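All ligand and atom numbering here is 1-based and tracks the order in the structure. What you are looking at is a predicted structure, and each value in this text was computed from that prediction instead of being measured.
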Amino acid sequence: MAELEMADPERAALDLLLQGFKVSRMLRLVADLGIADRIGPDGRVALNELAAACGVRPKPLMRVLQALASFGVFGVAADDSIAHTPRSKLLRTDAPNSLHHTARFLTARGSWRAWEELDAAMTGGVPHEVAWGQGRFAYLREHPEEARLFDAMMANYPDNRHAAFAAAYDFSGVRLICDVGGGNGAALRHILTRFPTPRGVVLDLEDVVRSVQPEELMGGRITVQAGSAFDGVPAGADVYMLIRVLHDWRDEDCVRILRACRAAMAPEALLLLGEQILEPDPARGRQASYLVDAQMMAMFGSARERTADEFRGLLAEAGFALRRVVPTVSPVSIVEATPV
Ligand SMILES: C[S@@+](CC[C@H](N)C(=O)[O-])C[C@H]1O[C@@H](n2cnc3c(N)ncnc32)[C@H](O)[C@@H]1O
């Protein structure tokens, strides 16, 4: 360890935190260039070959790869060849629950510029709106490339919530599941693969459902419906799901979405929220959870992660009773609620 780190480890640790944005930005660059897919899982590629395949110059690429290698992402050998490490393998698009899309999306332009305006949130503003003059979902509609990246990131999110959701809850007696704000249908695909009986319907914004590919619809077991949850949700399902949807909205909007679900639901239907339950004490909580909470602030202002009591309050206001909270192996829990 270098002298400075040994003499004052707290200073050195804080210095690295201050420089974290550089790491995130370089991770996006190598993900945009598809570097991880160009190196076989157990192979090694010469720098010049890698640079030529990406259409970039070898020297600047090497500087980026050296910096990332110092954080354990890729291995750089003395002969200028590049190999994978366990971390860089997670950037391959064929890695289970790949982090490729997350690396590309988190510092993509929409989010990057919104973070620059974070101060606005301290006085009640919405950083994303200050940066772009429009809300997050309107921005994504106008930037389809970032929007499809967002859908891919949600489908492959580091918390692996969709697989965990399907494994933690018994859907065997269910006929129809409506996934409100279900993105490209990833959660339903996990559930329907595990349980042969249910069918699923995804309600999401028009540009999102239009981009769902026919092969993602599981031979017709999944259908899609374009629309806004604020205007109503499809009737007739016996389970309604809102997975990582409420955390995008302030309390008043959450209650509107929940009321729209309530209005569509039969008395015996169930509502399942898939959300992180925020631990109020950061000494006990997960660092990644607070970073998601801060991301919600940068994108949506007063949208946020919530505690179990806060979910109970929102549900009660919209005509639901919180029945139980089912933990999953991911940080996302299932909050089960019934109409009252
Ligand atoms: C954080 S993502 C979660 C996606 C998915 N449920 C998952 O767990 O991966 C929020 C989703 O809400 C959708 N959404 C945003 N506004 C909506 C609205 N007014 N009505 C329905 N869906 C909406 C977005 O398009 C996006 O797919």
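Between F230 and W249, the two ring planes are perpendicular [angle over 60°; tilted spans 30° to 60°].
Contact between M241 and ligand 1 is absent, with no heavy atom of the residue lying under 4.0 Å from the ligand. Ligand 1 lies nowhere less than 4.0 angstrom from a heavy atom belonging to Y157.
Looking at W249 against ligand 1, only its side chain comes within 4.0 Å, counting heavy atoms. Contact annotation for I243 and ligand 1: heavy atoms of both the backbone and the side chain come within less than 4.0 Å of the ligand. Here F230 has side-chain heavy atoms under 4.0 Å from ligand 1, and that is the only part of it that gets that close.
With hydrogens left out, the protein atom closest to atom 19 (N) of ligand 1 is S228 OG, 3.0 Å, a heavy atom. Annotation: atom 13 (C) of ligand 1 to nearest protein heavy atom, D204 OD1, 3.3 Å. Protein heavy atom closest to atom 22 (N) of ligand 1, with residue, atom name and distance, is G181 CA, 3.6 Å. The shortest contact between atom 20 (N) of ligand 1 and any protein heavy atom is with A229 N, 2.8 Å. If you check which protein heavy atom lies closest to atom 18 (C) of ligand 1, you get L205 CD2, 3.5 Å.
H190 has its ring centre no less than 6.0 Å from the ring centre of F165. For F137 and F300, the distance between ring centers is under 6.0 angstrom.
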Verdict with reasoning, H100 to N156, per side-chain contact (heavy atoms from CB on, under 4.5 Å): CA-CA 9 Å; H100 166 84; N156 294 275; over 6 Å; no

Test log, rule side-chain hydrogen bond (donor to acceptor under 3.5 Å, both in side chains), inputs R25 and T107: CA-CA 6 Å; R25 181 63 185 87; T107 58; 5.1 Å; no

side-chain contact (heavy atoms from CB on, under 4.5 Å) assessment of T85 paired with F71: CA-CA 10 Å; T85 59; F71 287 89; over 6 Å; no

Full working for side-chain contact (heavy atoms from CB on, under 4.5 Å) between L68 and V23: CA-CA 7 Å; L68 290 177; V23 180; 4.2 Å; yes

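Counting non-hydrogen atoms of neighbouring residues, nucleotides and ligands closer than 6.0 angstrom, the CZ atom of R286 exceeds 12 such neighbours.
The distance criterion of under 3.5 Å between nitrogen or oxygen atoms is met by H162 with respect to ligand 1. For a threshold of 3.5 Å applied to N or O pairs, the pair formed by F137 and ligand 1 contains no separation below that value. Not one N or O of R244 is nearer than 3.5 Å to an N or O of ligand 1, by distance alone. Distances between N or O atoms of D248 and those of ligand 1 include no value under 3.5 Å. Inclusion of L203 in the set of residues having an N or O under 3.5 Å from an N or O of ligand 1 is not warranted.
Residue R161 holds the heavy atom nearest to atom 8 (O) of ligand 1 of all those in M154, M296, R161.
Taking a cut-off of under 4.0 Å to the non-hydrogen atoms of G183, the atoms of ligand 1 that pass are 27 (O). Residue contact check: V208 has heavy atoms under 4.0 Å from atoms 25 (O) of ligand 1.
At least one donor-acceptor pair under 3.5 Å links the side chain of R306 to the backbone N or O of R304. Judged by distance alone, the side chain of D238 and the main-chain N or O of A269 form no donor-acceptor pair under 3.5 Å.
In this structure, A187 and D179 approach most closely via the heavy-atom pair CB-OD2, 3.7 Å.
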